[in-house]
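Worksheet: the structure to be examined is printed underneath.
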Amino acid sequence: KPVIEFDHVSKIYSNGVVGLKDINLAIQPGEFVVVVGLSGAGKSTLMRAINRLHDVTEGDVRINGTSITKAKGKQLLHIRRQIGMIFQNFNLVNRATVLKNVLTGRVGYYPTWKMIFGLFSAEDKQRAYDALGTVELQDKVYTRADQLSGGQQQRVSIARALTQEPQIILADEPIASLDPQTTKRVMDDLQRINREMGITVVANLHSVELAQAYATRIIGIRAGEKVFDGPVAEATDEA
Ligand code: ADP
Ligand code: ADP
């Protein structure tokens, strides 16, 4: 059963720009999907449609068979909890410790006031340590986020996503602001959680070479349309 499905999805922005045009997709659990395309092709528009960071204009997006397009209130929160997010600019709280940042992945499992005062259960702290272990940053638990390098910050954001215990990780340009060495580290971490934890990864990248190195499936987007969808070996720069 697909973990993510797009059923004739189109997105037209209020200024008339076509972001996505009649996209059909079925992503199976455990896939590592990389979305490629030129700048402005619609990659982010597609990513943002998966967890409904924005509404689509037509069609339906389903997560584990449930429409996120139509979901409301608690049901929407419940679906979103299954989807961990990683952003280009990390979205960490700079002055907070790595531990606090990682535990924000537990938002929704916790009353907000407990979050503010840092009153986390021993169980959740253990979750955070485990997640930091996965990205090999356990020695940075009490370091302030803004004391870390960019690559380390991105790995903290991976750990934050992991504490959500997600089924899917969406990584929107996860390496766009990183250097080549750090890039490899971050991509390796994403690959590890995909292979070892079975988490479905959907990432968008500019580089087809990088996509070929990590993806099990590549989706090519051009002007909002899907122009390629297949196994890595068949993807070329055309997509
Ligand atoms: P990519 O991620 O591939 O660079 P985007 O999904 O960001 O592409 O953008 C696809 C198209 O939609 C582009 O033409 C872009 O200018 C346009 N677009 C993106 N966001 C908005 C928005 N909020 N309002 C209007 N147009 C937008
Ligand atoms: P990684 O590849 O793990 O992200 P780097 O090789 O970029 O690590 O950084 C090595 C060390 O230098 C790290 O321990 C990090 O704390 C420190 N460092 C790198 N860049 C910065 C930065 N911009 N601010 C503070 N510390 C940094």
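Read the numbers this way: they start at 1 and go in the same order the structure lists the ligands and their atoms. For reference, positions follow the sequence shown, starting with 1. What you see below is based on every heavy atom in this structure, not just the backbone, and it leaves out hydrogens, waters and symmetry mates. Computed from a predicted model, the values in this text were never measured in an experiment.
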[atom] [closest protein heavy-atom partner, distance rounded to 0.1 Å]:
atom	answer
atom 25 (C) of ligand 1	Asn15 ND2, 3.3 Å
atom 8 (O) of ligand 1	Gly42 N, 3.1 Å
atom 2 (O) of ligand 1	Ser44 N, 2.8 Å
atom 6 (O) of ligand 1	Thr45 OG1, 2.5 Å
atom 15 (C) of ligand 1	Val17 CG1, 4.5 Å
atom 18 (N) of ligand 1	Tyr13 CE1, 3.4 Å

Salt bridge check, [Y] against [X]: does any charged N sit closer than 4.0 Å to a carboxylate O?
X	Y	answer
Arg127	Asp130	no
Asp188	Lys184	yes
Arg217	Asp229	yes

Check each atom of ligand 1 against the heavy atoms of [X] and keep those under 4.0 Å away; list them by number with element.
X	value
Arg48	20 (N)
Ser39	4 (O)
Leu38	3 (O)

Kindly identify the option in Gly16, Gly40, Ser14, Ala223 whose heavy atom sits closest to atom 11 (C) of ligand 1.
->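 Shortest heavy-atom distance from atom 11 (C) of ligand 1: Gly40.
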Which option out of Met47, Lys43, Glu173 puts a heavy atom nearest to atom 3 (O) of ligand 1?
->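 Ranked by closest heavy atom to atom 3 (O) of ligand 1, first place is Lys43.
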List the steps and the verdict of salt bridge (Lys or Arg N to Asp or Glu O under 4.0 Å) for Glu136 and Arg185.
-> CA-CA 10 Å; Glu136 296 175 317; Arg185 190 77 202 256; 2.6 Å; yes
Please determine which of Asp60, Asn64, Thr66 meets the side-chain hydrogen bond (donor to acceptor under 3.5 Å, both in side chains) test together with Arg62.
->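 For Arg62, the side-chain hydrogen bond (donor to acceptor under 3.5 Å, both in side chains) test succeeds with only one of Asp60, Asn64, Thr66, which is Asp60.
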Give yes or no for whether the N/O distance cutoff of 3.5 Å, strictly under, is met between Ala41 and ligand 1.
->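 Yes, Ala41 has an N/O under 3.5 Å of an N/O on ligand 1.
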Assess Ile221 for proximity to ligand 1: is some non-hydrogen atom of it under 4.0 Å away?
->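 Not so, Ile221 does not reach ligand 1.
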Tyr13 six-ring centre to Lys11 NZ/CZ under 6.0 Å and within 45° of normal |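 Output yes; distance and angle both within limits.
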Counting N and O atoms only, with roles assigned by atom type, does the side chain of Glu225 sit under 3.5 Å from a partner on the main chain of Lys21, one being a donor and the other an acceptor?
->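 Between the backbone of Lys21 and the side chain of Glu225 there is no qualifying donor-acceptor contact (under 3.5 Å).
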Give a yes or no answer on whether the side chain of Ser177 reaches the backbone of Asn89 with a donor-acceptor pair at less than 3.5 Å.
->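 Side chain of Ser177 to backbone of Asn89: no pair is present.
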Please examine the side chains of Asn51 and Ile168, heavy atoms only from C-beta on, and report whether any two atoms are closer than 4.5 Å.
->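 Side chain of Ile168 against side chain of Asn51, heavy atoms only: no contact under 4.5 Å found.
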